[in-house]
Amino acid sequence: QVQLVESGGGLVQAGGSLRLSCAASGRTFSSFTMGWFRQAPGKEREFVAAISRSGGSTYYADSVKGRFTISRDNAKNTVYLQMNSLKPEDTAVYYCASSVHLSTRLTDFGSWGQGTQVTVSS
């Protein structure tokens, strides 16, 4: 497994943009599918986006499709989430996670970061 540290969260107005980063330790980063999940207060953690090991395939929740873009740089051991046209309902703690499977299921992701808060004001 890898150790993951997210950054880039903050407060933004509706319609604005943020870019989240997740730095991974270890030399096997390119062996993992990487995903972003989020958890709003009082709600369950939900899938946001995932990217395959090579970066050639990406997957998105319907709620963020067309607004968010996941990418990765295997040379830098980092995965990104570019978030545009943010809405108040995007407010949540965002987590990055790694999986040995090509999956979007939360239970398939074994290592998790500590999370970064994203708050979108109306």
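Start at 1 with the first residue, then count along the sequence.
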Novice: With hydrophobic residues grouped by side-chain heavy-atom distances under 4.5 Å, do Phe47 and Trp36 end up in a single group?
Specialist: no
Novice: Under the side chain to side chain contact (heavy atoms under 4.5 Å, CB included) test, which residues partner Asn74, sequence neighbours left out?
Specialist: Phe29, Ser30, Arg72
Novice: Shortest non-hydrogen contact from Ser111 to Leu4?
Specialist: O-CD1, 3.5 Å
Novice: Would Val48 and Leu86 show up in the same hydrophobic cluster when neighbours are defined by side-chain heavy atoms closer than 4.5 Å?
Specialist: yes
Novice: Indicate yes or no for a side-chain donor-acceptor contact from Gln39 to the backbone of Glu46 under 3.5 Å, with no hydrogens or angles considered.
Specialist: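 No, Gln39 side chain to Glu46 backbone: no donor-acceptor pair under 3.5 Å.
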Novice: Enumerate the salt bridge (Lys or Arg N to Asp or Glu O under 4.0 Å) contacts for residues 81-101, please, sequence neighbours excluded, ordered by first and then second residue.
Specialist: Arg38-Asp90, Arg67-Asp90
Novice: Honestly curious: do Ile70 and Val2 fall in one hydrophobic cluster under the side-chain, below-4.5 Å linking rule?
Specialist: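 Ile70 and Val2: one cluster.
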Novice: Do any side-chain atoms of residues 10-25 form donor-acceptor pairs under 3.5 angstrom with protein atoms, and if so which ones, sequence neighbours left out?
Specialist:
residue	atom	partner	partner atom	Å
Ser17	OG	Asn84	OD1	2.9
Ser25	OG	Gln3	N	3.2

Novice: Count I, L, V, M, F, W, Y as connected when their side-chain heavy atoms are under 4.5 Å apart, and connections chain through other members. Are Phe32 and Trp112 then in the same cluster?
Specialist: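 No, separate clusters.
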Novice: In Å and rounded to the nearest 0.5 Å, what is the NE2 to OG1 distance from His101 to Thr107?
Specialist: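 It comes to 9.0 Å.
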Novice: At what distance, to the nearest 0.5 angstrom, does CE of Met34 lie from OG of Ser99?
Specialist: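 If I round to the nearest 0.5 Å, the distance is 9.5 Å.
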Novice: Establish whether Val79 and Leu102 are linked, either directly or via other cluster members, by ILVMFWY side-chain heavy-atom contacts under 4.5 Å.
Specialist: no
Novice: Measuring from Ile51:CD1 to Cys96:SG, what's the distance to the nearest 0.5 Å?
Specialist: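 Going from the CD1 atom of Ile51 to the SG atom of Cys96 covers 12.5 Å.
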Novice: Tell me, which pairs form a ring-ring contact (aromatic ring centres under 6.0 Å, His included) where one or both residues lie in residues 61-95, sequence neighbours left out?
Specialist: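 Listed once each, the pairs would be none.
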Novice: Tell me, please, which residues at least two apart from Phe109 pass ring-ring contact (aromatic ring centres under 6.0 Å, His included).
Specialist: Phe37
Novice: With a cut-off of 6.0 Å (strictly less than), are more than 12 heavy atoms of other residues, nucleotides or ligands near CD of Glu44?
Specialist: no
Novice: Which residue pairs pass the side chain to side chain donor-acceptor pair (under 3.5 Å) test with at least one member in residues 53-62, sequence neighbours excluded?
Specialist: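 Passing the test, one end in residues 53-62: Asp62-Lys65.
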